[in-house]
Amino acid sequence: MTTLPDSSAPIRVRIAPSPTGDPHVGTAYIGLLNFIYAKQRGGKFVLRIEDTDRTRFVSSSEQMIFDALRWCGLQWDEGPDVGGPYGPYRQSERTDIYREHVAMLLASGHAYRSFETTEELDEMRKSQLAAKLPPRYNGAHRELTSAQIAAFETEGRPAVVRLKVPVDGETVFRDELRGDVTFSHNNVDDQVLLKSDGFPTYHLANVVDDHLMRITDVIRAEEWISSTPKHVLLYKAFGWDVPRFWHMPLLRNLDKSKISKRKNPVSLVYYRDSGYLPQALINFLGLMGGGMAQPTEQEIVSHGLNVKQGDVFSLADMQAKFDFKRISLGGPVFDLTKLKWLNGEYLRALSGDGFFDALRSTLFSDDYLRRIAPLVQTRINTLAEFGDMTDFFFKDDVVPAVEVFLPKKHMVEETVAFAAEQLTLLEATNFTVEELEAALKQLGVAKDWTVKDNFMLLRAIVTGKTASPPLLESLIVFGKARTLDRVRRFIDTQKRLAVQKK
RNA sequence: GUCCCCAUCGUUCAAUGGUUAGGACACCGCCCUUUCACGGCGGUAAUACGGGUUCGAAUCCCGUUGGGGACACCA
């Protein structure tokens, strides 16, 4: 059985986002849960940045994560920017620690070095899949002799370090919401712990840090259940206590699959820039998975809301009443419809001044208007035309008519497919004029679309019109998150229409 | 394919062996109203299926089906 942390130990929880792009709504969800858990128990809420994947690293991402979490009201007690007794809180600054711990595992025989190349491993996986076998490391280098190791080394082969999972037996761990979960060891792979670039994988870094940072409760998404036995094995290999695990249900798309940017806006920046109030988002997230009892009319009215019944509560309410043992395990669909209703309720609850301030601090802030103004100054003859020219910046959505978006030389289906290409490209592009222009033009050449048709399509999708302020500059001011959403929605809408026709 | 998790209205949560299976969102109708909203009132709508256990099952057990997740030198 697993050892639970000393019950007298002060509660410490953490979230551990990776700076690989825009802050994710799932991070806010898990962050909220961790935050509530800590606050309810007088514990500490730690923010750790898991930046061990240098190939997916995005330098602007960390600051966006900080901003987004603060916008949500989820302030951490310890973290990279605020410090704390168990730092550093950025994994890239802890590589020595991981190397030391890997050395310990190597010395105790709980890990071994493995010299296969990526290509060899891919090959192995492919043939296993082809043979309808579960893809798993075959353990070829588990018991290399020192002579073999020396041979690989002189060959200059890069090595990884793998966890030596026992061949027999099973690992049982307790999930606080589900009870005991058992994995037979022959279903647990020899996980890579240290990559050939010297950086640890999530599994190693996570376990080492959680222990060193005295984390008592690991509250994370359900997708981690199947790797938890590896983590438990690691704790045991080090001789450490295992924390409590709480695996939270995964947020879902409408089709029940794991929430994804292809099917939902997942960037917190999108919600902020589209005029959602953080209290509405937090309330909505608190609804996902249960945990909160239905508020009474009294409680709702106390928030100034003009409804008698409804799933309305604040962060403070959650701190007071959220019950982790009530959480239901079905994956909740992240349905924007109800979030919009909630947002409306919070908007209506604002005082006149408060509402005005909300407008002035977001969509109609000096900063935003100051960036939009130069885009239209030469294009209008009366100030009122500013509205005609820039309406798309202030709309929730825009639906271009076929006459507007369809280029003469292309068919609808083909155009939608091209828009999908644009979407993929925009996701991967930094929003600067140079990068956008280069990327878009390159795509146009590759797909045999003229620059004019190419840009005009994107213009139609984002602005709903054939005439607009300069496209690229407009996109930059409008923002990546909202731009991606418009393109995605355009594609969805057109696909739906196509299906209806058939 | 293998392993793991899950299963109440379209969606999200209630009902923790005994209720006409409840609320919210959405939808529909009526009222309010110069319009549109807001608000008020009402309505449609669910225990996936099959076996047990029990006086009694949405609730406990088994199976089936369905959904999801994981199976990377990503997290």
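We name chains A, B, ... by the order of the sequence lines, and we start the count at 1 in each one.
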| field | Check: A:Met318 main-chain N/O paired with A:Gln40 side-chain donor or acceptor under 3.5 Å | value | yes
| request: Using a heavy-atom cut-off of under 4.0 Å over every strand shown, decide if A:Ser257 touches base, sugar-phosphate, or nothing. | output: sugar-phosphate
| field | Distance between C1' atoms of B:C28 and B:G67 (Å, rounded) | value | 30 Å
| remark: With sugar-phosphate taken as primed atoms, P, OP1 and OP2 and all else as base, the protein-contact string of nucleotides 7-14 of chain B at under 4.0 Å (heavy atoms; B, S, -) is ----SSSS
| message | Heavy atoms from C-beta onward define the side chain here; which of B:C73, B:G69, B:C5 lies closest to that of A:Lys258? | response | B:G69
| message | Strictly below 4.0 Å, N to O, side chains only: are A:Glu176 and A:Lys325 in salt-bridge contact? | response | yes
| request: Report which part of the nucleic acid A:Val307 touches: base, sugar-phosphate, or nothing (heavy-atom distance under 4.0 Å, all strands). | output: sugar-phosphate
| Over 12 non-hydrogen atoms of neighbours within 6.0 angstrom of CD in A:Gln298 | no
| For RNA chain B, what are the stems built from at least three Watson-Crick or G-U pairs in a row, each pair having both distances below 3.5 Å? | B:1-7 with B:65-71, B:10-13 with B:22-25, B:27-31 with B:39-43, B:48-52 with B:60-64
| said: Given the ring of A:Tyr346, does A:Arg348 sit roughly above its face, with NZ or CZ under 6.0 Å from the centre of the six-membered ring and within 45° of the axis? | reply: no
| query | To the nearest angstrom, how far is A:His247 atom NE2 from B:C4 atom C1'? | reply | 11 Å
| message | Under 4.0 Å, heavy atoms only, any strand: does A:Ser227 hit a base, just the sugar-phosphate, or nothing? | response | nothing
| task | Give the rounded distance in Å between these two atoms: CZ of A:Arg252 and P of B:C5. | result | 15 Å
| said: Please report the distance separating the P of B:U59 from the corresponding atom of B:G42, rounded so that it comes out in whole Å. | reply: 31 Å
| request: Please check if any side-chain donor atom of A:Tyr98 sits under 3.5 Å from a side-chain acceptor atom of A:Asp209, or the reverse. | output: yes
| Taking the same atom, C1', in B:U11 and in B:A26, what whole-Å distance lies between them? | 8 Å
| message | Give me the distance, rounded to whole Å, that separates B:G23 from B:C9 when you measure between the C1' atoms they each carry. | response | 12 Å
| Base, sugar-phosphate, or nothing for A:Arg220, non-hydrogen atoms under 4.0 angstrom? | nothing
| task | Run through A:Arg48, A:Arg14, A:Lys44, A:Arg12 and flag the one making a salt bridge (Lys or Arg N to Asp or Glu O under 4.0 Å) with A:Glu78. | result | A:Arg12
| message | Closest approach to the side chain of A:Leu121, judged atom by atom: which nucleotide of B:C73, B:C4, B:C3 is it? | response | B:C73
| task | Starting at atom CG of A:Asp190, determine the distance to atom P of B:A72, rounded to an integer number of angstrom. | result | 12 Å
| said: Please classify the nucleic acid contact of A:Thr20 as base, sugar-phosphate, or nothing, using heavy-atom distances under 4.0 Å. | reply: nothing
| When the aromatic ring centroids of A:His101 and A:Trp240 are compared, is their separation below 6.0 Å? | yes
| message | Please determine whether a side-chain nitrogen or oxygen atom of A:Arg56 lies at a distance below 4.0 Å from atom OP1 or OP2 of B:A75. | response | no
| message | Quick check on B:C73: is either OP1 or OP2 less than 4.0 Å from any side-chain nitrogen or oxygen of A:Arg157? | response | no
| request: For A:Thr337, answer base if it contacts any base atom (sugar-phosphate contacts may also be present), sugar-phosphate if it contacts only those atoms, and nothing otherwise; contact means non-hydrogen atoms under 4.0 Å. | output: sugar-phosphate
| request: Map A:Pro158 and A:Gly310 onto RNA chain B by nearest heavy atom, then report which one ends up closer to the 5' terminus. | output: A:Gly310
| From the list B:G39, B:A70, B:C4, which nucleotide is the closest neighbour of the side chain of A:Ile225? | B:C4
| cation_pi(A:Arg162, A:Tyr137) dist<6.0 Å, angle<=45 | yes
| request: Could you tell me the separation between the NZ atom of A:Lys195 and the P atom of B:C73, rounded to a whole number of Å? | output: 10 Å
| task | Classify the nucleic acid contact of A:Phe183 as base, sugar-phosphate or nothing, counting any heavy atom under 4.0 Å across all strands shown. | result | sugar-phosphate
| said: Is it the case that the side chain of A:Lys263 and the backbone of A:Arg252 share a donor-acceptor pair, with hydrogens and angles ignored and the cut-off at 3.5 Å? | reply: no
| Expressed in angstrom and rounded to an integer, what is the separation of A:Tyr29 atom OH from B:A75 atom C1'? | 19 Å
| Rounded distance in Å between the C1' positions of B:G69 and B:C31 | 49 Å
| query | Expressed in angstrom and rounded to an integer, what is the separation of A:Asn186 atom CG from B:G1 atom C1'? | reply | 15 Å
| said: Determine whether a donor-acceptor pair (one donor, one acceptor, N or O, separation below 3.5 Å) exists between the side chain of A:Ser226 and the base of B:C4. | reply: no
| field | Charged N-O contact under 4.0 Å between A:Asp323 and A:Arg326 | value | no
| CH2 of A:Trp224 versus C1' of B:G68: gap in Å, rounded? | 17 Å
Donor-acceptor list for residues 24-33 of chain A side chains, cut-off 3.5 Å, not counting sequence neighbours:
residue : atom : partner  : partner atom : Å
A:His24 : ND1  : A:Gly26  : N            : 2.8
A:Tyr29 : OH   : A:Met288 : O            : 3.0

| said: Using atom C1' in both nucleotides, what's the gap between B:C61 and B:U54 to the nearest angstrom? | reply: 12 Å
| message | Taking the P atom in each of B:G63 and B:U20, what is the distance between them to the nearest angstrom? | response | 33 Å
| query | Strictly by modelled atom types, are A:Ser108 and A:His110 linked by a side-chain donor-acceptor pair under 3.5 Å? | reply | yes
| task | Find the distance A:Gln128:CD to B:A70:P and express it as a whole number of Å. | result | 19 Å
| query | Contact class for A:Glu345 (heavy atom, under 4.0 Å): base, sugar-phosphate, or nothing? | reply | sugar-phosphate
| For atom P, what is the distance between B:A7 and B:A15, given to the nearest Å? | 13 Å
